[in-house]
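Before any comments, here is the structure.
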Amino acid sequence: MIGAVYPSEKKSFRDPETGAEIIQYTQQGTTNRTLYFTNRPYTSDGEHIVFLSDRTGRNEMFFLHLKSGKIVQLTDVEGQSNVSNCIHPKRPELYFRAKASIFRVCFDTLKTEELLRAPEGFGIGILNLNSPPWLAFEMIEKIEGTSLIKDEKPVLAGLNFEGHHLRPRSLIYRFNVDDGRLECLWGDLALLTHVQISPTNPNLIIAGDTINLPGVN
C-alpha cells in the first residue's frame, strides 16, 4: 500500500578483510535493488534513496531515509520488472516504468500519475532525466526471435553465449515533464538501448546499439 511505513532494517558491520565499515539498509524480501547503474538513486534533498523491492509480494518502489533507515512504499502499480527508473535531480519526484506506461510519483504527496503509454506492440526502455525537464527513453518493438545460442568460445564477460536478434524498430524519445511535449528524435531497425541525455545539452542524446554485440540479449 502506498505510504506504508517499514521500520529500519539498517545495520552496520566491519568487513573482515579490509576493516571498512559496511552499512546494510535492507533485509526483508528476496529482491532489494537500487536504480540501474546509469541513473543515480539519490533524491534531490540528498537524504534519501529509492529502491525496488518485492517485500509486498511483487515489485514496488520504496523510499529510504539514509540516516534513520525508515522505509516508505512509493508505488502500487503492477508490472514493475526492473529498475530502469529515474529521479528528478531538482524536485522530489520519481519517474518509473510499469508494463507499457511511464508514471510519476511525488514524494511529498505520494500521488501517482500516468504520463504516457507506449503504442500497441512497443515496450519502454530505460528512463533518464539528466537534463530536466527532458525525460529521455527508448521505445522498442516487441517481436519474436530473440534467443540465446550456446557457443564454444567465451564471449562478453566470460559468458558462453552469443546473442542473436531480429532487428526491432527502436525509437528514441524525449518527453517534457513540465508541459507534456513528446518528441521522437531518432528511429532505426536496431536494438537501441541505454539512452542517456546530456546534463548540459538536451539536444545531445546517446544510446547503445546491441545488435552486433555478442552475448547481449
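Source: prediction; values computed, not measured.
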Review point. Under 6.0 Å from the CZ atom of Arg104, do we count more than 12 heavy atoms belonging to anything else shown?
Key: yes

Check your understanding: Can you tell me if NZ on Lys10 sees more than 12 non-hydrogen neighbours from other groups inside 6.0 Å?
Key -> yes

Heavy-atom side-chain contact between [X] and [Y] under 4.5 Å:
X: Val77; Y: Phe96; value: yes
X: Leu129; Y: Leu127; value: no
X: Leu191; Y: Ile140; value: yes
X: His88; Y: Pro132; value: yes
X: Leu52; Y: Thr31; value: yes
X: Ile23; Y: Leu66; value: no
X: Thr193; Y: Ile126; value: no
X: Asp188; Y: Ser170; value: no

Exercise for review: Mind jotting down which residue pairs meet the salt bridge (Lys or Arg N to Asp or Glu O under 4.0 Å) criterion with at least one end in residues 37-52? Sequence neighbours excluded, please.
Suggested key: none

Roughly how far apart are [X] [atom1] and [Y] [atom2], rounded to 0.5 Å?
X: Ile71; Y: Thr26; atom1: CD1; atom2: OG1; result: 6.5 Å
X: Ile205; Y: Leu185; atom1: CD1; atom2: CG; result: 4.5 Å
X: Tyr173; Y: Ile102; atom1: OH; atom2: CD1; result: 10.5 Å
X: Leu135; Y: Asn128; atom1: CG; atom2: CG; result: 8.0 Å
X: Cys184; Y: Leu171; atom1: SG; atom2: CG; result: 4.5 Å
X: Lys70; Y: Leu64; atom1: NZ; atom2: CG; result: 11.0 Å

Check your understanding: If you look only at pairs with a residue in residues 15-39, which of them pass as a ring pair (Phe, Tyr, Trp, His ring centres under 6.0 Å), with sequence neighbours excluded?
Key -> Tyr36-His194

Review point. Does any pair with a residue in residues 57-85 pass ring pair (Phe, Tyr, Trp, His ring centres under 6.0 Å), and if so which ones, sequence neighbours excluded?
Key: Tyr6-Phe62, His48-Phe63, His48-His65, Phe51-Phe62, Phe63-Phe107

Path from [X] to [Y] over hydrophobic side-chain contacts below 4.5 Å:
X: Leu94; Y: Leu115; answer: no
X: Ile206; Y: Ile197; answer: no
X: Met61; Y: Leu110; answer: yes
X: Ile2; Y: Ile87; answer: yes
X: Tyr95; Y: Leu182; answer: yes

Exercise for review: Apply the test side chain to side chain contact (heavy atoms under 4.5 Å, CB included) to residues Val195 and Arg174: give CA-CA distance (whole Å), side-chain angles for both, the deciding distance (0.1 Å), then the verdict.
Suggested key: CA-CA 10 Å; Val195 169; Arg174 67 178 183 183; over 6 Å; no

Practice item. Kindly give the cluster partners of Phe13, where membership spreads through any ILVMFWY side chain lying under 4.5 Å from a current member. Key: Ile22

If you look at every heavy atom in [X] and [Y], which pair is closest and at what distance?
X: Leu116; Y: Met139; value: CD1-CE, 4.1 Å
X: Phe103; Y: Ala98; value: CE1-CB, 3.8 Å
X: Asn32; Y: Ser53; value: OD1-OG, 2.9 Å
X: Cys86; Y: Leu35; value: CA-CD1, 4.1 Å

Checking the side chain of [X] only, and the main-chain atoms of [Y] only, is there a donor and an acceptor separated by less than 3.5 Å?
X: Arg33; Y: Val83; value: no
X: Asn39; Y: Asn85; value: yes
X: Gln27; Y: Glu9; value: yes
X: Asn59; Y: Gln80; value: yes
X: Ser8; Y: Ser68; value: yes

Exercise for review: Just jot down the side chain to side chain donor-acceptor pair (under 3.5 Å) partners of Thr18, sequence neighbours excluded, or say none.
Suggested key: Asp15

Sequence neighbours left out, cut at 3.5 Å: what donor-acceptor pairs do the side chains of residues 117-124 make with other protein atoms?
| unit_1 | atom_1 | unit_2 | atom_2 | d |
| --- | --- | --- | --- | --- |
| Arg117 | NE | Ser101 | OG | 3.3 |
| Arg117 | NE | Glu114 | OE2 | 3.0 |
| Arg117 | NH2 | Glu114 | OE1 | 3.3 |
| Arg117 | NH2 | Glu114 | OE2 | 3.0 |

Practice item. Please step through side chain to side chain donor-acceptor pair (under 3.5 Å) for the pair Thr56 and Gln73, ending with a clear verdict. Key: CA-CA 9 Å; Thr56 66; Gln73 184 172 339; 5.1 Å; no

